[in-house]
Structure formats: C-alpha cells, structure tokens
Undergrad: 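Just passing along the structure, written as structure tokens.
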Protein chains: 2
Amino acid sequence: MKTVPRITDTEWEIMRVVWANHPITAAEIIERLAAADPTWHPKTARTLLARLVRKKALGYEPQGRVYVYEPRVTERECVAAASDSFLERVFGGALTPMLTHFVERRRLTRRDLDELRALLDQGADSSAPKTRRPTWKH
Amino acid sequence: MKTVPRITDTEWEIMRVVWANHPITAAEIIERLAAADPTWHPKTARTLLARLVRKKALGYEPQGRVYVYEPRVTERECVAAASDSFLERVFGGALTPMLTHFVERRRLTRRDLDELRALLDQGADSSAPKTRRPTWKH
DNA sequence: GCCTCTGGACTACGGATGTAATCATAGCGC
DNA sequence: GCGCTATGATTACATCCGTAGTCCAGAGGC
C-alpha cells in the first residue's frame, strides 16, 4: 500500500489546482490561486510548490525556461489518506459515528439525501470489517 | 460563536481520555494512555497536558499535591470544529462528496447501513433546507 | 551589448508539534 | 531527620508550516 505524503492545509489548495489543471506552469497555478483568493502571495505559492516537489506530491518537467507541474499522487489517494487520518484522530476510527455526526448537521438537501440513500442501498451487500466502537456514547 | 482551540493529533488522544473520565489526575491519564499504547512516555503526556491547559482546552484544580483535570471544551465542539476544518481542507467544503467518499469505502455493516438509513429518513422530514442552500456547490 | 525582468534556488524566521530531559520541591518510608 | 521519589515547572530541540525575502542567471527589450 503506497503511502502518500502528508499534505498540509495550504498545500491542499495548490494540489487542487494542479489536479484540476495539469499539466500547468507555476505562473498559471499562482494566477488561479490569486483569482480564488487575492491574499495569495506568489512567493508563498512558489515555496509551497518546491515543498510539494520535495515531498514527491508533485513532479515537474522543464519546458523551456519554466517548469510544468504534474501531480505524482492522485487526488483519490490523498483524499483517502486524509480521511483515514481524520477518522482516526477525531472519531477514534469509528466510521458510523462520524457519518452520523455529519448527517445530523442537516445541511443536506432532499436531493443529497436521495443520493446517499441510493449509495447505501448499493453498499448493502459488501463485506464489512467492523469499526472500533468509540468509548464515548453519541 | 465560541472558537475552540486547535487540538493536534496527539492531543486528541489525551482529550478523549479526559472527556471519558473526568475529573481525572495526570497519573491516571498517563496510565490509561499507556494501557492503550505502551509507547506513550509519561513526560510527553505531561507536556501535552500543560499545553492543553495553556490552550484552555483543559482546566485543573489542585487537589492536595496533584492536579485534577477537567475539559474546558466539550467533545461536541471539538468534533464539530475538526470536522468543519477537514471538510473544508479536503473536500473544499462540499459535504455530499465527502459522505459519498466514506460510504463508498464499504466498511459499513448492515446494521450501520440501517442506522444511517434511519437517520437519513429523519433528516428528510425535518425541513430539508432548500432555502438555506449553502454557497458551495455539490 | 547592456539593462531589466522573471523564474527558480536558497535563506529567513517565528510559532506549532512531537518527543523528552532536567530542575525543584514536597511528602513518605524508615 | 533524611534521602528517595513522584509531581509539576521549566527547558530543549529537531521538524514542520505559513509566510515571505534575497540571490542569481538567462531571455528579451532597446
């Protein structure tokens, strides 16, 4: 099982841009970041790009005198890793309480609910390792 | 809206022990941590306790010559804050994709599924907020 | 050809984090 | 009474993170 590098808060913003637009130059990444949030400083973005390369979350290819970036980890992998880590940290690994928590926040539209119901129906037949029950009651 | 202090990975382990067992002394916290994971070093735990007090996540009361700790933030608050932050970071704030992701991992028992279905049904009755549409896209 | 500008490389720096060791002090066993 | 021990206080320290600034070399304008 491949281990993905740990992506930090701000790094996620960069990764999302790259995943959605690769191959992409630093200049364009910076432009898109700034479009979404004008407080992004170009230097900061470049530093983070370098760090992501060092972490092997991104790769690049010199193209003339600039670099063109590519993800070296998929969004799926990273989402899965971050999700596992979150689940473990906050819910002690217990999946159902976590889902319960989110569903209870009731910010779901009727359509969301239908969608999820359909998903649950599909999921009904799969083998399921039991999740660790949390010590606290929900 | 009260802002809860940011609880880090290892701090969560301590907080879970305190939430489940307060009021509780440092010695007992350390004992419980070590029981769950023998690699916990007492000194490390004490450092983290001090930090959690500084962050006002915990409070204490001298009881003879030892401290008795109490949470100063509820588990609910912290779970909600951590969940929001996770949702924002990894899913850009989009709730349904997040739920979809977890349900798709198919680690749910049939009973979990039933439970969730029941929850969804409840949610459907109680005002599906089509007026309070969130700003983020699904 | 020279100067400027841009893009990547390297440097900076305070605060957070994980992991612990050292210090000082107050009881407790003897 | 006195030293050992447990407990909280203080200190340590390498990394990581967010946020930039400085340095240097090549490309282009003129």
Side-chain angles (χ1 to χ4, degrees), chain A residues 3-18 23-34 36-70 81-82 85-86 88-90, chain B residues 3-18 23-34 36-70 78 81-82 85 88-90:
Chain A
T3 48
V4 297
R6 180 173 148 59
I7 311 290
T8 71
D9 268 35
T10 43
E11 287 168 355
W12 269 94
E13 298 186 45
I14 295 198
M15 290 305 290
R16 253 196 297 276
V17 170
V18 178
I24 182 172
T25 64
E28 196 184 345
I29 293 170
I30 290 169
E31 189 187 325
R32 284 173 185 274
L33 288 172
D37 172 3
T39 69
W40 264 102
H41 193 296
K43 291 296 189 185
T44 302
R46 280 178 193 281
T47 299
L48 290 174
L49 278 174
R51 283 185 188 166
L52 285 167
V53 168
R54 182 149 39 84
K55 285 185 184 180
K56 301 196 199 307
L58 293 180
Y60 63 86
E61 184 96 23
Q63 203 83 165
R65 70 187 238 74
V66 301
Y67 288 175
V68 173
Y69 292 87
E70 283 284 351
S85 150
F86 163 73
E88 190 58 44
R89 182 162 39 97
V90 176
Chain B
T3 48
V4 296
R6 179 173 150 59
I7 311 290
T8 72
D9 268 34
T10 43
E11 286 168 356
W12 269 93
E13 298 186 45
I14 295 197
M15 290 305 290
R16 254 197 297 275
V17 170
V18 178
I24 182 172
T25 65
E28 197 185 343
I29 292 170
I30 289 169
E31 188 187 326
R32 285 174 184 274
L33 287 173
D37 172 2
T39 69
W40 263 103
H41 193 294
K43 292 296 187 185
T44 303
R46 279 177 194 283
T47 300
L48 290 174
L49 278 173
R51 283 185 188 166
L52 284 166
V53 168
R54 183 148 40 84
K55 286 185 184 180
K56 301 194 201 307
L58 293 180
Y60 63 87
E61 184 97 19
Q63 203 83 163
R65 70 186 238 74
V66 300
Y67 288 174
V68 173
Y69 292 88
E70 283 284 350
C78 290
S85 150
E88 190 58 45
R89 182 161 38 95
V90 176

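Note that this is a predicted model, so its numbers are computed, not measured. Per chain, numbering begins at 1; letters A, B, ... match sequence-line order. All values below come from the heavy atoms of this structure, side chains included, with hydrogens, waters and symmetry mates left out.
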Undergrad: Tell me whether the OP1 or OP2 atom of C/dA9 has a side-chain N or O from A/Y67 closer than 4.0 Å.
TA: yes
Undergrad: For A/R89 and C/dG18, give me the distance from atom CZ to atom P, rounded to whole Å.
TA: 10 Å
Undergrad: Mind calculating the distance between NZ (A/K55) and P (D/dT15) to the nearest angstrom?
TA: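 Computing the A/K55:NZ to D/dT15:P distance gives 15 Å.
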Undergrad: Just the rounded figure in Å: distance from P of D/dC17 to CD of A/E13.
TA: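 Distance check: A/E13 CD to D/dC17 P gives 15 Å.
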Undergrad: Summarise how protein sits on nucleotides 19-30 of chain C as a single string, 5' to 3': B when a protein heavy atom is under 4.0 Å from the base, S for sugar-phosphate-only contact, - for no contact.
TA: BBBB--------
Undergrad: CG of A/L52 versus C1' of C/dA9: gap in Å, rounded?
TA: 16 Å
Undergrad: List the residues meeting ring pair (Phe, Tyr, Trp, His ring centres under 6.0 Å) with A/Y67, not counting sequence neighbours, and say none if there are none.
TA: A/Y60
Undergrad: Output the rounded distance in Å from CD (A/Q63) to C1' (D/dG26).
TA: 17 Å
Undergrad: Donor-acceptor check, side chain of B/S85 to backbone of B/A81, threshold 3.5 angstrom: yes or no?
TA: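 Pair absent, no side-chain N/O of B/S85 close to backbone of B/A81.
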Undergrad: Just how far is it from atom OG1 of B/T8 to atom CD of B/E13, taken to the nearest 0.5 Å?
TA: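 These two atoms lie 9.5 Å from each other.
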Undergrad: Can you tell me how far apart CG (A/D37) and CZ (A/R32) are? Round to the nearest 0.5 Å.
TA: 15.5 Å
Undergrad: Once you round it to whole Å, what is the distance between C1' of D/dG8 and CD of B/E28?
TA: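 It works out to 18 Å between those atoms.
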Undergrad: Could you say whether B/A50 or B/A27 is positioned toward the 5' end of DNA chain D, judged by the nucleotide with the nearest heavy atom to each?
TA: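 Nearer the 5' end of the strand: B/A27.
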Undergrad: Let's go through A/I7 and B/V90 carefully: what are the C-alpha distance in whole Å and the side-chain angles of both, what is the deciding distance for side chain to side chain contact (heavy atoms under 4.5 Å, CB included) to 0.1 Å, and is it a yes or a no?
TA: CA-CA 10 Å; A/I7 311 290; B/V90 176; over 6 Å; no
Undergrad: In this structure, how many angstroms lie between the P atom of D/dG8 and the CD1 atom of B/I30, rounded?
TA: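 After rounding, the gap between these two atoms is 8 Å.
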Undergrad: Could you state the atom-to-atom distance from CH2 of B/W12 to P of C/dA16 in whole Å?
TA: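 Rounded to whole Å, this separation is 19 Å.
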Undergrad: Let me confirm one number: the OG1-CZ distance from A/T10 to B/R89, rounded to the nearest 0.5 Å.
TA: 10.5 Å
